[in-house]
Amino acid sequence: MSTIFISIGYNNASMIATLSLLRTRFQEAVARAHGVDGVDVQVLPASNPQFGDLQVNVALQLAKAVGKPPRAIAEGIVAELQLDDFCETPTIAGPGFINLKLKTSYLDATLNATYADTRLGVAPAAQPLRTVVDFSGPNIAKEMHVGHLRSTIIGDSIARIYEFLGHDVLRLNHVGDWGTQFGMLIAFLRDTQPSALTDASTLDIGDLVGFYKRAKLRFDTDDEFKERARREVVKLQSGDPESLFAWKLLCDQSRVAFEKIYQTLDIKITERGESFYNPLLPAVVEDLEAQGLLTESDGALCVFVDGFMNKEGNPLPLIIRKTDGAYNYATTDLAAVRYRINEDHAKCVVIVTDIGQSDHFAQVFAVARLAGWLPDDVRMVHVPFGLVQGEDGKKFKTRSGETVKLSDLLDEAVVRARAHLDERLDSEGREETEEFKADLADKVGIAAVKYADLSVNRGSNYVFSFDKMLALQGNTAPYMLYAYVRVQGIARKGDVDFASLAGLDNIHIVEPSERDLAKHLLELDDVLARIAEDFLPSRLCTYLFELSQKFNHFYENCPVLNAEEPTRTSRLALADLTARTLQLGLSLLGISTVDRL
RNA sequence: GCGCCGGUAGCUCAGUGGAUAGAGCAUCAGUCUUCGGAACUGAGGGCCGGGGGUUCGAAUCCCUCCCGGCGCACCA
């Protein structure tokens, strides 16, 4: 029992461990008191601080099975409970709730263990999983827009969280670098700049997006051109060297623009586009054929899976090979499923795309399962996010010209952050160097955009608004950065070196606002564990926002530098632990902290 | 028509079958001799889309209807 006070790795420095221990103790008590084994005991945070820290409702759940009034059941359980080592005496309230209050000594011990831990109490995964995170996925010769921001930011955050949890993560950029549009682009390149096909240095297509639009216009209005574009696709897919050369030119050109965005957003990702799977497509078809899963329908090779219907109510096929003999993205996605499992040895594959592709991936996964390519021990998940909508509630149209370019959005964010900063410095009469201001505006602007995107539940649709996305007050990145800066300000003002506080078991909780902050600090591992299950980084945003609120409450109510010892040192450590938690949490969202604002 | 998402405060959104449904923004009223005011405190504002059901208990689960978005055969 006493081991609970001793810091031994990750066994006790976390909320997960506390809850797990409580569940076990309750199960034992229920078994002793009422002879019921293996009850699933839900230990929940108290709905109101007046009820303590945690509540257990198992007595209400057992009423029918045991055949006694809930309060009597609760009394029986409490009489058998052994919680003296970390809880005050449990109380029974209302119809039969058992309310728990953690002992301050337990909170202190757990906090000090967390403070001494570079991982802040978050245990690395017992079984590291080889994990593929497929995100971002821009299209060659098209501009990245706000939809790509969602995939990029959400995917990056998921990858960061999995990496921190100790998993072996492969970040893949499934770039749209293959398909029918390349016939059009290559044909247009031949027409307008033939010299570039033999000498890449003569290439001049200005902005690639304009090039794409001119090619598309020609494609739509010139039948002869259209026919040549079709032939280019065939040549490209069959590996014609000149076509491949032209294709590579276009990809290289696009990559420059993508790289710039990734650098701005601090995204690390390995490009493995659709073209990568091209050589693997025939084998996909052959294997499906060998299993007798292919059906010819209107000249196309299809797989039919139960549960998928078209608008006439007829079975909806997954088209593996088109009537003209070409493959499509379903084939590519099946090849990707196989490759990631067989060659990358992934046990977990996370694909982050817009919600409009949910049916497609459900069908692809179903076919993969049917073909025996997707074993039960591999977790294959589509992580969808809501559509970006215009003010009218309709989907943003890529071709309509109304799309906000991602690069413009990021620029605008930095400009706004700078304007806000200048205004504030002016009102405070502060003088700062241009370097400081420019650097800060960059960081705050990008942080604001990322946070705005990550903080809403990814499933929700998303009405695009510069004002909302670039807001700097309320539940925004600057709010959390400010809480972090306040801690650093304390250190500067008091000339305190936080590193000197390490390993001294300094933290002793006294005030209610300290207690409230402390409990929240211990919940980090529980939050991350849940995100690892449901892939909702917005949970981490909520956690960090609440942490900042609780810290500000503490800051308002508890003087730090002016407090007497040992309270002063205890509060310094608590503030530092808050800052470290904010820093870690924000880093998992891809946001870096600053020491001054 | 079928399928998938969604409907919670004026707006944007949280909410794990539990006690009195919460934040932010906006509005109004306060807090500056105290560690940095991008802060803090308080107020108003809700038939949780409607109706049934399951349950000791439902915003949460089931059924049904209404509204919105998206998808539904060779684009990705």
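Excluded from the calculations below are hydrogen atoms, water molecules and symmetry mates; all remaining heavy atoms, backbone and side chain alike, are included. The sequence lines fix the lettering, A, B, ..., with proteins before strands; numbering per chain opens at 1.
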Lys/Arg-Asp/Glu bridge criterion (N-O < 4.0 Å) met for A:Arg418, A:Asp422: yes

Other residues, nucleotides, ligands: >12 heavy atoms within 6.0 Å of A:Asn314 CG: yes

Results of side-chain contact (heavy atoms from CB on, under 4.5 Å) for A:Val456 - residues two or more places apart only: A:Arg150, A:Tyr462

Gap in Å between the two P atoms, one belonging to B:C61 and one to B:A14, rounded: 15 Å

Check: A:His360/A:Tyr329 side-chain N/O donor and acceptor closer than 3.5 Å: yes

Pairwise P distance, B:C67 and B:U27 [rounded to whole Å]: 35 Å

Minimum-distance pair of heavy atoms, taken over all atoms of A:Leu250 and A:Leu208: O-CD2, 3.7 Å

5′-ward residue of the pair A:Ile319/A:Phe97 relative to RNA chain B: A:Phe97

side-chain hydrogen bond (donor to acceptor under 3.5 Å, both in side chains) contacts touching residues 176-185 of chain A (sequence neighbours left out): A:Asp177-A:Ser275, A:Trp178-A:Asn278

Span that lies between the P atom of B:A26 and that of B:A39, in whole angstrom: 10 Å

Audit row: A:His174, A:Tyr277, ring pair (Phe, Tyr, Trp, His ring centres under 6.0 Å) steps and yes/no: CA-CA 10 Å; A:His174 196 76; A:Tyr277 302 99; 5.7 Å; yes

Donor-acceptor pair under 3.5 Å, A:Gln55 side chain vs B:A19 base: yes

Sugar-phosphate only, base, or nothing, as touched by A:Phe545 at under 4.0 Å among non-hydrogen atoms: sugar-phosphate

Hey, what are the protein-to-nucleotides 3-8 of chain B N/O distances that come in under 3.5 Å?
none

Gap in Å between the two C1' atoms, one belonging to B:G17 and one to B:U55, rounded: 9 Å

Closest listed nucleotide, where the reference is the side chain of A:Lys311 and the choices are B:U20, B:C72, B:U16: B:C72

Salt-bridge contact A:Glu432-A:Arg430 (side-chain N to carboxylate O under 4.0 Å): yes

Test side-chain contact (heavy atoms from CB on, under 4.5 Å) applied to A:Pro95 - qualifying residues, sequence neighbours left out: A:Leu60, A:Phe97

Geometric class of the A:Phe466/A:Phe464 ring pair [parallel <30°, tilted 30-60°, perpendicular >60°]: perpendicular

Atom pair distance, as rounded to whole Å: CG in A:Leu544 and P in B:A14: 17 Å

P atoms of B:G1 and B:C28, separation to the nearest Å: 47 Å

d(OH, A:Tyr329; C1', B:A73) in whole Å: 11 Å

Heavy-atom side-chain proximity of A:Leu421 to A:Val444 below 4.5 angstrom: no

Polar pair under 3.5 Å, donor/acceptor by atom type, side chain A:Asp177, base B:A76: no

Residue met sooner reading RNA chain B from 5', once A:Gly179 and A:Ile98 are mapped to nucleotides: A:Ile98

Ring pair (Phe, Tyr, Trp, His ring centres under 6.0 Å) against A:Tyr482, all qualifying residues, sequence neighbours excluded: none

A:Asn457 CG to B:G24 C1', straight-line distance once rounded to whole Å: 16 Å

Presence of donor-acceptor pair under 3.5 Å, side chain of A:Ser297 and base of B:A73: yes

Touch class at under 4.0 angstrom, heavy-atom based, for A:Leu316 against every strand present: sugar-phosphate

Closest to side chain of A:Ser47, choosing from B:U16, B:A19, B:C75: B:A19

Sugar-phosphate, base or nothing in reach of A:Gln50, heavy atoms under 4.0 Å: base

P atoms of B:C47 and B:G22, separation to the nearest Å: 16 Å

Distance in Å, A:Asn57 CG paired with A:Gln42 CD, rounded so as to fall on 0.5 Å steps: 8.5 Å

Inter-residue atom distance A:Leu589.CG - A:Ile154.CD1, 0.5 Å rounding: 11.5 Å

Interatomic distance where CG belongs to A:Asn328 and P belongs to B:C75 [whole Å]: 7 Å

Distances under 3.5 Å between protein N/O atoms and the N/O atoms of nucleotides 53-59 of chain B, please, pair by pair.
unit_1: B:C56; atom_1: OP1; unit_2: A:Lys64; atom_2: NZ; d: 2.6

Under 4.0 Å protein heavy-atom contact, by nucleotide of nucleotides 30-40 of chain B - B base, S sugar-phosphate only: ----SBBSBSS

Of all pairs that satisfy salt bridge (charged side-chain N to carboxylate O under 4.0 Å, His left out), the ones with a partner from residues 534-546 of chain A, not counting sequence neighbours: A:Asp534-A:Arg539

A:Glu423: partners by side-chain hydrogen bond (donor to acceptor under 3.5 Å, both in side chains), with sequence neighbours left out: none

Within the 6.0 Å centroid threshold, strictly below: A:Phe219 and A:Phe188: no

Span that lies between the C1' atom of B:A58 and that of B:G51, in whole angstrom: 15 Å

Minimum-distance nucleotide to A:Leu387 side chain [options: B:A73, B:A76, B:C70]: B:C70

5'-to-3' dot-bracket of RNA chain B (Watson-Crick, G-U; under 3.5 angstrom; crossing pairs as [ ]; | other strand): (((((((..((((....[...)))).(((((.......))))).....(((((..]....))))))))))))....

Sugar-phosphate only, base, or nothing, as touched by A:Gly356 at under 4.0 Å among non-hydrogen atoms: sugar-phosphate

Euclidean distance for C1', B:G57 against B:A73 (whole angstrom): 49 Å

Sugar-phosphate only, base, or nothing, as touched by A:Ala330 at under 4.0 Å among non-hydrogen atoms: nothing

A:His382-A:Phe365 aromatic ring centre distance below 6.0 Å: no

Sugar-phosphate only, base, or nothing, as touched by A:Asn99 at under 4.0 Å among non-hydrogen atoms: base

Contact list for RNA chain B against residues 445-453 of chain A - heavy-atom distance below 4.0 Å: none

Residues which pass side-chain contact (heavy atoms from CB on, under 4.5 Å) with A:Asp439, listed by chain and number, not counting sequence neighbours: A:Lys443

For atom CG of A:Leu536 and atom C1' of B:C13, their distance in whole Å: 14 Å

